[in-house]
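Residue numbers count from 1 along this sequence.
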Amino acid sequence: MENSVVAAPQAGFLKKTWRLIWPYFRSTEWKSAWALLIVVIGLSLAGVYVAVLINSWYGDFYNALQKKDLTLTPVTIAGHEFFTLNLFFYLMGKFTLLAFLSIIIGVYRIYLQQVLEIRWRRWMTHCLIDRWLGNRAYYRLQLRDYGTDNPEQRIEADVASFVGDTLALSLSLLRNVVNLVSFAIVLWGLSGPVSLMLAGMEIVIPGYMLWIAIAYALVGSVVTFLIGRPLVPANFDLQRFNADFRFRMTRIRENAESIALFTGEQRERDGLEVSFLRVWHNYWRIMILSKRLNWFGSFYDQLAIVFPLLVAAPRYFAGSIEFGVIFQVSNAFGRVQDSLSWFVTVFQSLASWKATSNRLVTFADALGQIEHEAQQQDLSIEQRGSPAILLTASDISVPTGRTLMRDARIEIAPGDKMLIAGPSGSGKTTLFRVLAGLWPFAKGSLTIPKGARILFLSQKPYLPLGTLREAVAFPARPGAFSDVEVKAVLEDVRLPQLITRLDETDNWSMSLSVGEQQRIAIARVLLNKPDWLFLDEATSALDEENEAHAYTLVTERLPHATLVSIAHRPEVARYHRQRLVIDPQAKSVRALAMTE
């Protein structure tokens with residue numbers, strides 16, 4: 001996808017996080033992204049302006065109450081006087097208009113922020129999915145430890161949290177900065193100077209209530225940071241432990257039959273209990289840290305209710321300010337203090353956001369590393385006009401570095417029927433992965449005929465979620481084959497009982513036996529008609545008669561297709577004309593005729 005998310009492996013956290021944020025605002029959706037962001041910012045600023053007007057209203061309203069002022073006041077619109085109201089009802093009407101305007105601004109600010117959030121999340125999700133599926137990163141992540149567990153959670157849950165929290169926190173910070181500036185000006189004008197005697201000298205402090213508000217908020221922020229700092233790693237660990245617990249349960253669901261046959265419920269229960277115990281202990285850790293933070297936060301918030309009144313009281317009792325100004329000062333002081341205490345208020349949210357950002361940054365780093373490795377990999381893959389598949393590999397190894405084969409040169413000509421042989425663990429399946437271009441631990445070159453239609457079948461077929469019709473057609477798109485074709489191949493592979501279930505949706509990997517799944521894989525071969533077919537124990541779950549029937553179908557329906565097989569039953573050899581023998585002792589591979 002254009003303007004994909006990139007995170008440099010060695011960059012700092014803020015730089016990496018910025019590289020998660022910025023690409024969306026320069027993507028193909030940049031016009032709508034910036035328009036929504038500007039409107040949301042504009043509404044946020046408008047909300048602050050209305051709050052300043054309401055603060056001014058406080059002074060007028062409570063002064064009028066104190067004086068019992070019922071003076072008739074003209075109501076003017078665009079400079080024209082329409083009627084008069086006594087001051088009390090005039091101020092109540094003014095408040096009603098300001099309150100209504102504040103409601104409209106607040107509703108649309110949140111609504112448009114949510115629109116921006118879901119659009120950004122959609123773009124970022126698609127981007128990460130493209131990168132996860134591109135370069136077969138989803139496969140490579142399982143071959144080596146890149147420090148990224150549960151990529152599905154990072155794409156689904158972490159992206160949603162990251163986008164929502166990034167918008168909420170950044171716009172909240174902007175509103176609080178504007179609030180701070182606006183109400184600091186108001187508070188400066190209302191508070192006036194205060195005189196202090198220090199060592200016989202009179203010190204005059206202008207706008208003293210503003211400085212007190214700043215000092216109050218700074219003390220609160222520093223104490224909050226010191227108390228809450230351990231919450232950042234604790235939240236990160238909680239997400240990681242929750243993801244591991246969920247993944248273990250997913251594995252049980254995916255392997256339910258095998259676990260049931262082994263009666264392995266207790267072993268899996270032990271694993272789940274250990275995994276959940278990590279969640280339990282870490283959650284208690286967060287609870288204790290949060291309790292400490294809440295003790296201070298509650299005390300801080302309660303004191304903030306009366307603190308501005310205590311600060312303003314000396315000037316009121318000295319007759320320097322009116323009763324209404326007390327409420328103006330209290331409100332302005334509260335706004336300034338709230339703005340300066342933003343860090344105190346959102347610390348736990350910041351801790352959670354940083355943990356989520358770290359997980360996405362780590363995931364983006366891993367994808368970036370895989371993309372770099374894909375460009376620099378030692379096995380070059382080319383598509384040429386040559387009719388044969390040619391593999392020349394100086395070394396084929398496993399992730400630990402152990403070499404399986406050296407100086408392997410394999411040529412598979414069109415129409416060949418080749419059986420790969422060798423003892424268990426010699427590297428037959430690994431050789432298949434090299435020929436498929438999947439294996440990054442190989443050095444050399446792989447040449448594939450340009451435009452060749454190649455199909456690889458593994459021992460455990462993949463059946464996608466959806467209807468049976470979609471599972472049979474895979475990897476072709478649904479609707480690529482007619483009902484007549486699909487029903488015919490199901491008859492051919494001896495699965496007539498499934499014909500009436502083509503439009504059923506089920507977890508086919510669980511509801512069908514492995515033998516039935518392997519026959520569906522053969523049906524896919526008959527439908528997709530590949531030029532090159534690779535079978536890795538793809539008929540191992542079938543009895544001898546059905547295995548022979550499957551190979552007969554393939555060789556008769558696709559007589560010109562190249563067939564390369566891994567199979568242990570000797571009967572399969574009769575469908576092949578040559579053998580490719582792997583010698584694990586010599587770490588070599590050689591081609592032989594079937595008679596040798």
Listed partners of Thr356 passing side-chain hydrogen bond (donor to acceptor under 3.5 Å, both in side chains), at least two apart:
Gln239
Contacts of type side-chain hydrogen bond (donor to acceptor under 3.5 Å, both in side chains), residue Arg251, not counting sequence neighbours
none
Between Phe534 and Phe432, what is the ring plane arrangement, given parallel below 30°, perpendicular above 60°, and tilted in between?
perpendicular
Anything under 30° is parallel, anything over 60° is perpendicular, the rest tilted; go ahead and classify Tyr108 against Tyr111.
perpendicular
Give a yes or no on this: more than 12 heavy atoms of other residues, nucleotides or ligands lie within 6.0 Å of atom CZ of Phe247.
no
Got a sec: does the CZ of Phe25 have more than 12 other heavy atoms crowding it under 6.0 Å?
yes
Can Gln369 and Glu373 be counted as having a side-chain donor-acceptor contact under 3.5 angstrom?
yes
In terms of side-chain heavy atoms, does Trp439 have a donor or acceptor partner in Thr430 at a distance below 3.5 Å?
no
side-chain hydrogen bond (donor to acceptor under 3.5 Å, both in side chains) contacts touching residues 31-54 (sequence neighbours left out):
Ser32-Arg119
Stepwise side-chain contact (heavy atoms from CB on, under 4.5 Å) test for Asp158 and Phe363:
CA-CA 10 Å; Asp158 290 346; Phe363 185 50; over 6 Å; no
If you measure from CG on Leu272 to CD on Glu265, what distance do you get to the nearest 0.5 Å?
11.5 Å
Compare all side-chain heavy atoms of Val186 with those of Ser182 and state whether any distance is below 4.5 angstrom.
no
Non-hydrogen side-chain atoms of Arg453 and Asn528 separated by less than 4.5 Å:
no
